Protein chains: 2
Amino acid sequence: MQVESRRTQAERRAETRGLLLTAARKLFAERGFAETGTPDIVAAAGVTRGALYHHFADKTALFAAVVEAEHAAVAQGIEAAGDAMPTDPVAALLAGGNAFFAAMRDEGRRRILLVDAPAVLGRAALDEIDARHGLETLVCGLRDAMDAGAIRRLPVEPLAQLFGALFDRAALAPVERQAEFQQAMAAMVEGLRA
Amino acid sequence: MQVESRRTQAERRAETRGLLLTAARKLFAERGFAETGTPDIVAAAGVTRGALYHHFADKTALFAAVVEAEHAAVAQGIEAAGDAMPTDPVAALLAGGNAFFAAMRDEGRRRILLVDAPAVLGRAALDEIDARHGLETLVCGLRDAMDAGAIRRLPVEPLAQLFGALFDRAALAPVERQAEFQQAMAAMVEGLRA
DNA sequence: TGAATTAACATACAGGCTGTATGTATGCAA
DNA sequence: TTGCATACATACAGCCTGTATGTTAATTCA
């Protein structure tokens with residue numbers, strides 16, 4: 001097995017870390033955090049528990065890494081849609097919301113980010129992650145809209161948090177009611193017009 | 001101890017059940033579901049694990065009972081405030097929100113209902129509990145407001161769910177930002193006026 | 001009223017999971 | 001090439017959950 005051995009340490013490290021993250025993401029998405037054991041994860045990743053605890057402090061830290069990655073993916077999806085944004089600030093907010101919903105189509109992602117993460121990591125830690133990725137975009141969108149005089153001037157960050165809660169909840173709605181939720185969402189956004 | 005023995009079975013049952021529920025509520029509130037073991041609970045209640053598993057199918061069922069009780073308490077607090085409701089439907093909605101915030105002052109209650117419950121019981125089960133207690137009031141308030149022509153006509157249940165999400169999120173805000181959140185909340189409610 | 005039945009627990013046990021401690025092999029640096 | 005650190009693998013201890021079994025007291029029924 002000399003061929004395998006001729007890898008640099010950084011390569012080995014990156015590979016096992018990646019295997020662990022993808023295996024964990026898959027199982028956390030399917031069964032949730034509490035119902036997924038570390039033996040399951042390492043078996044799916046093809047490594048041992050020793051590797052897991054070498055790379056992550058504990059099971060929660062692994063979960064946090066998965067959450068971070070999912071969050072980044074969502075943010076990236078929204079950023080990508082941001083290239084073709086409407087000029088009207090309110091319309092832009094709604095477009096951003098649609099991009100969010102598109103990113104949240106995946107049920108496993110909803111489970112990880114919206115159901116398990118708050119309980120496992122705590123609201124505070126999750127808000128901190130959120131602040132690093134998604135929230136900033138939303139805050140900017142709202143501030144732009146306010147500066148343009150399109151919506152009422154209100155405390156920006158709290159408003160952004162509330163919007164986040166609305167989007168999270170709407171994303172969690174059953175598919176067949178999705179349309180109604182979107183309608184109600186749109187009305188609430190429109191209601192903020194100055 | 002013949003004096004103790006002269007209790008009917010229903011009395012014994014009710015007492016131990018009550019002891020278990022109060023002990024569990026206290027520990028779940030302080031440490032959360034995952035960090036609270038059944039040995040801790042029965043020790044605090046002064047009974048044995050046998051009693052716990054005689055009264056509840058498992059740890060999750062005990063937690064569900066605690067959630068149910070907390071939910072009922074919140075609903076009762078809102079109902080009580082409902083006696084002195086403003087005639088304006090929108091003002092009534094805001095008043096109901098304030099009653100909700102008052103009921104949610106307790107940090108342990110927030111942890112149980114807003115942080116742990118969704119992950120432990122799942123959104124679906126939690127929605128079902130919610131439908132039995134709090135949601136109905138909110139739905140009625142919104143429908144009244146719509147019928148009175150005070151707010152726009154929108155799908156009622158989705159709107160109620162979204163409102164619930166807003167209230168939950170606002171209740172979770174740090175104390176020093178509570179005022180800003182309330183301001184933003186009020187603006188969103190006002191925005192729905194017809 | 002007393003014998004049988006059942007409810008309400010208490011005790012004991014088996015299995016699994018988490019985190020840690022220890023052992024080993026490989027890349028790397030001097 | 002020798003020593004060291006990194007990247008794991010293995011082994012172990014402790015705890016926790018759920019269940020199976022045993023015991024006591026209340027209830028029922030003949």
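Just the heavy atoms: all of them, side chains too, but no hydrogens, waters or symmetry mates, feed the values below. We name chains A, B, ... by the order of the sequence lines, and we start the count at 1 in each one. This structure is a prediction, so every number in the text was calculated from the model and none was measured.
- The side chain of Arg49(A) has dG19(C) as its nearest neighbour among dG19(C), dA10(C), dA7(D).
- Of the listed nucleotides (dG18(D), dA8(C), dC8(D)), dC8(D) has the atom at the smallest distance from the side chain of Thr48(A).
- Annotation: side chain of Arg111(A) is not in contact with side chain of Phe33(A) (no heavy-atom distance under 4.5 Å).
- The phosphate of dA8(C) (OP1 or OP2) has a side-chain N or O of His54(B) nearer than 4.0 angstrom.
- Looking at the side chain of Arg12(A), the nearest of the listed nucleotides dT26(C), dT17(D), dT27(D) is dT26(C).
- Within the 4.0 angstrom heavy-atom criterion, only backbone atoms of the sugar-phosphate kind lie near Thr38(B); the bases stay farther away.
- If you check dG19(C), dG18(D), dA7(C) against the side chain of Tyr53(B), the one that comes closest is dG18(D).
- Residue Thr36(B) is in sugar-phosphate contact alone, with no base atom involved, counting any heavy-atom pair closer than 4.0 Å across all strands shown.
- Crowding of Glu107(B) atom CD: a count of heavy atoms from other residues, nucleotides or ligands under 6.0 Å not exceeding 12.
- Thr36(A) is linked by a side-chain hydrogen bond (donor to acceptor under 3.5 Å, both in side chains) to nothing, counting only residues two or more places apart in sequence or in another chain.
- Mapping Gly37(A) and Gly50(A) onto DNA chain C via the closest heavy atom, the residue that lands nearer the 5' end is Gly37(A).
- In this structure, Thr16(A) reaches the dC8(D) phosphate: one of its side-chain N or O atoms is under 4.0 Å from OP1 or OP2.
- Dashed line: the shortest gap from a side-chain N or O of His55(A) to OP1 or OP2 of dC8(D) is under 4.0 Å.
- Between the side chain of Arg49(A) and the backbone N or O of Val42(A), no donor-acceptor pair lies under 3.5 Å.
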